[in-house]
Amino acid sequence: MFSQLFGLEAQRKRLLKKAPEGALRDFLSVPFPELDTPINKTPILAVDFETTGLNIKKDKILSVGFISMENNEILLSTAYHRVIYLKEDLTEENVIIHQIMDSAREQGDSLEAVISELLKALAGKVMLVHYARIEKNFLERACKKLYGVAPVFPIIDTLVVAKNRLDKQGSYKPAELRLSNLRDSHKLPAHYAHNALNDALATAEVLMAEVELIRCDYPLPLKKLLI
Amino acid sequence: MDPELKEIYDFIGAIPPFDQLPSEELERLIPKVTIRYLRTGADLCPEGGLEEKIYLVRKGALSLLSVNGQLIEKFGESDIYAFCEQNEADRLVTQVTEDSLLYTLPLTTTERLKEHYPAVNSFFDKSASQRLNQIVKEKSKEAIINSTLMDSTIAELFNEPATTIESDQSISDAAKKMTALNHSALLVMEGSKLVGIVTDKDLRKRCLATGLSPDRPVTSIMTAEPKCVTINHNAFDTLMLMHQKGFHHLPVIRNGAVAGMITVTDLMHQESENSSHLTGLVHKAKTVEELIEASKLLPQIQVKLTRLGASAEHLGKSVSAITTAITCRLIELAEEKLGPAPVPYLWVAAGSHARQEQSSHSDQDNGLIISDKMKPEDDAWFKALAIFVTDGLNSCGYVYCPGEVMATNPKWRQPVSVWRSYFDSWVETPEPMALMYSSIFFDLFAVYGESAFLTEIRISTLNKTRKSTLFLALLSRNALKLAPPLGFFRDFVLESSGDHKDTLDLKHNGIAPIVDLARIYALSEGIYSVNTINRLRAAAGTPSLSKEASEELIDALEFLGTLRIEHQAKQIKNNQQPDNYLSPNALSKLEREHLKDAFKVIRSMQKVIQSRYN
């Protein structure tokens, strides 16, 4: 893990040289938080994307939600949610799952505007997601498309954090790792799922609960949680 | 605001005092929220936790403890805990007692809201007693609004037929007619057409004060074309109209013709009419059976009084007055049957009837104080009287006292000198039984007969109690056994032991402790009254009780009393036996807050008593 983040910092510096002027370069020019930063002092941005599907080549980002955590507190003032304007009509399935109507989509922002705001908010922070593959891959692909370069960023995945805890405890069902089931197990209130901001907020609350369960004699450092 | 945060918005927007904020204020408030998660056992403010914050419990529980570990308050879902900087001396500890998700707001965010929203101001700024005072005041204002007037029309309340005078009559004719009918207003008519209204105020201001000749026509002092109401006009609106315009009388119109008149008094004192109707029936009753019939109206009158917005004090006095009337009538009927009493005597009531704080059909507590001239053989007459009256009361719904505090018990059917020796021995030797009797018999009321017997005993006893510190100390210790709860936690009553109960006993948890405190003040200060509010008023400003504390206790009692009468009115309407048990589920969040304030006031006064006598 050590080498990985050292690797990340090195990659960040290398990519910084390649990145074109603009949002991505600004993002890469801010150093990542240090590995030994206690988790409760680490600036974190909980992020969630709603997408048209899981195939990064074919599918698109429908909406982006994020919210900041600082000093072990979630700051509602930083809450952000945008629907992205897509040319093609939504399939019925997407409308049902994500409750995003075509009319809302037509009033949506451009992918570039939203990604650039996300990068701005993410600079100097750790990205927090539940099941990292989606956000990581879709964000990399979007950046590649917009800026020609895919960035690197440190990630905490609550699914991995919870899995590590449950692995130590013995057998469990994979379904227990779902965000809503994890919330239940931490006795967190039910949340309105399938909205990017609500899911980001729900993930941030799960992280706070998970961190409290990790036994550690010294302040829990960031490096223990990164994927 | 992001509609995505609607859950948080809805959650906070439902909690008082934030429920009083318009949506744009809430939208401004929500972004200032931060969310924290704390595991059981964590300290709320581990390091430099001096920032003053408001915590809203979204999930979980917090406990507030004193430095010595005594539980002070417990907060569950939807409760608000305002953490303020405190003096080092009385620093409190906040413990997380269940894994908690908390929404926090800096206390400073409320500053601006406080200026614009009184509800926010009183929630965060005022002390328990200030808040109580405010709510009691509001309640009395609401009293009129909540009354049945809201769902009545004029038709049920106005006076028919109209008392009228023809427009060609003189002022003095009008005055004579008003005097003869004992009415304070007449409608002035031209045939069947209403042309004006004349009131006793007009006689005074427009005739007597101006020196106008009483031979002049009544039209010269009347108010022409008076405002009228139709018969199906809402009673409450009518009252408001009259208040606004300063009218005391309004002509009532039915199908376009004058039908009668409605007065402010008709609207406002409907309740006294109700109770005087019942006392009328009681006085006229010729047999016990007729009395029993009449007494059946009592619960209905209690409901009506409550709906009309009577205060608990007012209701207690009305119901007790009816009980007195029933008892007196029973005694009169007994005397008719038994013949005249051999010697003078006094029938006394104890308990809530004595304090004029009765609600319908409570137990009976009574006794007989008989002249010292009585001979042993006279007791047979008094025994027969006692049996007749207590049986009658029982049939009228005042069930026999389970503790045998009744005139049928020979112990409580004694001559003046024996009663005096009872009181003396209770004060001089305050053993547990004596203390119990003291709290019953220091609240006595002369119902029928030689009231001087009681006056005499009470004055000499008060002289003794005032000086007997030991008696007062022990009586106080006894009284402190009834401690009010801390408040509520989720849907339970939170006892100071930390136990949870699922019902609130309004009597023992709130009203009785105040009644006990008031009795102690009265006995320490030699106050003659037995009514709790009168005792508290009389004790205000004495060494026993400050003026402020007296007002606070009166507010607390009035608030608890209002809750009780509303609860009982509901039960009576549902054909249930009225009681004092409230389920926390039945209380609004705000009512719980006010109850907590009332408990706080009682506890603080109990502490004062405790430190005085220990």
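This one's a predicted model, so the numbers in the text were calculated from it and none came from an experiment. To find a chain, count down the sequence lines: A is the first, B the second, and so on, and within it residues start at 1. What's counted below: heavy atoms across the whole structure, side chains too, no hydrogens, waters or symmetry copies.
- Look at B:Glu566 and B:Lys570 and you find no salt bridge, because none of the NZ, NE, NH1 or NH2 atoms lies under 4.0 Å from a carboxylate O.
- Using a 4.5 Å cut-off between heavy atoms, B:Thr104 contacts chain A through its side chain alone, with no backbone atom that close.
- Side-chain contact check for A:Glu212 and B:Tyr37: no donor-acceptor pair (N or O, by modelled atom type) lies under 3.5 Å.
- At a 4.5 Å heavy-atom cutoff, B:Leu102 makes no contact with chain A through either its backbone or its side chain.
- Heavy atoms closer than 4.5 Å to chain B are found in the backbone of A:Ala190, but not in its side chain.
- Per-residue counts of heavy-atom pairs under 4.5 Å with chain B were compared for A:Leu213, A:Asn72, A:Val211; the largest is that of A:Leu213.
- Aromatic ring centroids of B:Tyr81 and B:Phe75 lie under 6.0 Å apart.
- In terms of non-hydrogen atom pairs under 4.5 Å with chain B, the most contact-rich of A:His186, A:His191, A:Glu205, A:Glu73 is A:Glu73.
- Judged by the 6.0 Å and 45° rule, B:Arg603 forms no cation-pi pair with B:Phe599.
- Per-residue counts of heavy-atom pairs under 4.5 Å with chain B were compared for A:Asn198, A:Asn71, A:Leu75; the largest is that of A:Asn198.
- Salt-bridge check for B:Lys114 with B:Glu111: passed, with a basic side-chain N closer than 4.0 Å to an acidic carboxylate O.
- Chain A forms the most heavy-atom pairs under 4.5 Å with one residue out of B:Lys59, B:Arg39, B:Lys32, and that residue is B:Arg39.
- Ionic pairing of B:Arg490 and B:Asp79 is not present here: no N-O contact between side-chain nitrogen and carboxylate oxygen is shorter than 4.0 angstrom.
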